[in-house]
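A quick write-up on the structure given underneath.
All values below come from the heavy atoms of this structure, side chains included, with hydrogens, waters and symmetry mates left out.
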Amino acid sequence: LCSNNNPYASFGATLARDEEQNLWSTPHDVTHTEADDDRVLYNMIVVRNQLDKDSEEWQKLNYDIYTLRQTRKEVRSRWKHILEDLGFQKEADSLLSVTKLSIISDSQNMSKARDILLKLSEETNIFPTSWELSERYLFVVDRLIALDAADEFFKMASAVYPKRPSGDRADEGPRPLPG
């Protein structure tokens with residue numbers, strides 16, 4: 001009754017493996033946020049997995065998936081770098097962890113968190129140019145507001161990841177901290 005032709009035979013294992021690679025926080029966290037960027041990546045993976053591996057479309061989608069994952073890792077790394085420089089070495093990972101169970105600490109902070117996130121996007125290079133703002137960073141900024149560290153985070157992000165004029169290279173990495 002077991003058949004190698006069953007397309008669903010490894011569905012659970014494949015889904016779990018893909019799911020683990022898509023998470024921003026703890027692998028196997030079933031409560032993770034299914035934000036728009038998670039759905040985009042998931043849909044790309046589903047489409048890619050339906051294509052022939054030798055096809056040009058599969059190769060293009062595979063490259064796009066890899067690029068999106070690398071961009072997400074890079075953005076998270078930038079945030080973690082700043083958090084650690086602000087003294088949150090032990091807390092950085094938990095501050096960046098966002099799940100379905102995450103809540104905004106104070107609904108009055110929502111407007112301020114949105115403003116700071118937009119300001120980070122417009123006035124720093126912490127997000128790549130093509131990046132669409134992710135809701136998960138709204139939760140992170142809210143946590144920084146609750147810790148009274150949001151303004152310091154913005155100042156540090158401005159110093160370490162300043163907005164570059166259009167002629168500068170984007171792959172130069174972070175600037176050293178002023179000091």
Side-chain angles (χ1 to χ4, degrees), residues 11-46 48 64-162 173-175 177:
F11 178 75
T14 302
L15 183 62
R17 190 172 49 249
D18 286 344
E19 184 92 325
E20 181 177 331
Q21 293 174 3
N22 291 337
L23 292 182
W24 288 65
S25 53
T26 311
H28 309 296
D29 175 6
V30 295
T31 67
H32 73 278
T33 299
E34 292 184 10
D36 287 342
D37 51 341
D38 288 333
R39 281 190 290 276
V40 167
L41 182 56
Y42 175 77
N43 289 336
M44 289 169 67
I45 291 169
V46 167
R48 179 200 62 189
D64 292 345
I65 290 165
Y66 173 80
T67 302
L68 181 56
R69 285 179 172 155
Q70 288 306 112
T71 301
R72 288 166 57 150
K73 285 179 186 177
E74 180 182 327
V75 170
R76 187 181 191 285
S77 176
R78 289 177 180 183
W79 280 72
K80 185 174 179 177
H81 172 84
I82 293 171
L83 289 170
E84 289 172 345
D85 285 346
L86 288 173
F88 294 107
Q89 292 87 357
K90 292 181 180 177
E91 300 88 351
D93 287 325
S94 61
L95 286 170
L96 291 169
S97 176
V98 175
T99 70
K100 282 184 187 176
L101 301 178
S102 297
I103 57 170
I104 297 294
S105 65
D106 182 349
S107 59
Q108 294 177 351
N109 287 348
M110 180 63 81
S111 177
K112 184 176 181 182
R114 285 189 196 281
D115 290 345
I116 292 172
L117 190 60
L118 190 58
K119 196 172 163 184
L120 280 164
S121 171
E122 293 172 349
E123 298 180 27
T124 74
N125 200 33
I126 196 164
F127 296 112
T129 307
S130 61
W131 184 265
E132 290 187 29
L133 288 182
S134 173
E135 183 181 8
R136 70 179 16 93
Y137 287 103
L138 190 61
F139 286 91
V140 178
V141 172
D142 173 65
R143 293 169 184 166
L144 292 172
I145 291 170
L147 294 168
D148 199 25
D151 292 332
E152 286 302 312
F153 185 92
F154 177 78
K155 287 177 192 170
M156 181 78 67
S158 297
V160 178
Y161 300 103
R175 288 193 180 167
L177 295 177

My understanding is that only residues two or more places apart in sequence, or in another chain, count here; which of them pass side-chain hydrogen bond (donor to acceptor under 3.5 Å, both in side chains) with Asp115?
none

Which residues pass the side-chain contact (heavy atoms from CB on, under 4.5 Å) test with Thr124, sequence neighbours left out?
Leu120, Ile126, Phe154, Ala157, Ser158

Under the 3.5 angstrom rule, does the side chain of Arg48 hit a backbone N or O of Asp64 as a donor-acceptor pair?
no

Does some side-chain heavy atom of Leu95 sit less than 4.5 Å from a side-chain heavy atom of Trp79?
no

Separation of Leu83 CG from Leu144 CG (nearest 0.5 Å)
6.0 Å

Passes side-chain contact (heavy atoms from CB on, under 4.5 Å), Met44 versus Val40? Steps please.
CA-CA 6 Å; Met44 289 169 67; Val40 167; 4.0 Å; yes

Could you give all pairs that pass the salt bridge (charged side-chain N to carboxylate O under 4.0 Å, His left out) test and reach residues 116-131, with sequence neighbours left out?
none

Not counting sequence neighbours, which residues clear side-chain contact (heavy atoms from CB on, under 4.5 Å) with Met110? List them please.
Ile104, Arg114, Leu138

Report the relative orientation of the aromatic rings in Tyr137 and Phe127; use parallel for angles under 30°, tilted for 30 to 60°, perpendicular for over 60°.
perpendicular

Test item: Tyr161 and Met156 side chains (from C-beta on) under 4.5 Å apart, heavy atoms
no

How far apart are the closest heavy atoms of Ala150 and Ile145, and which atoms are they?
CB-CG1, 3.7 Å

Separation between CG of Asp85 and CZ of Phe153, rounded to the nearest 0.5 Å
10.0 Å

Name all pairs fulfilling the salt bridge (charged side-chain N to carboxylate O under 4.0 Å, His left out) condition that reach into residues 142-160, sequence neighbours left out, sorted by first residue then second.
Glu152-Lys155

Using atom types as modelled, flag every donor-acceptor pair under 3.5 Å from a side chain in residues 87-94 to any protein atom, sequence neighbours excluded.
{"unit_1": "Gln89", "atom_1": "NE2", "unit_2": "Glu84", "atom_2": "O", "d": "3.1"}
{"unit_1": "Asp93", "atom_1": "OD1", "unit_2": "Arg76", "atom_2": "NH2", "d": "3.4"}
{"unit_1": "Asp93", "atom_1": "OD1", "unit_2": "Lys80", "atom_2": "NZ", "d": "3.1"}
{"unit_1": "Asp93", "atom_1": "OD2", "unit_2": "Lys80", "atom_2": "NZ", "d": "3.4"}
{"unit_1": "Ser94", "atom_1": "OG", "unit_2": "Glu91", "atom_2": "O", "d": "2.9"}

Can you check side-chain contact (heavy atoms from CB on, under 4.5 Å) on Val141 and Asn109, steps first, answer last?
CA-CA 9 Å; Val141 172; Asn109 287 348; over 6 Å; no

Pairwise side-chain contact, Asn125 with Pro162, heavy-atom cut-off 4.5 Å (strictly under):
no

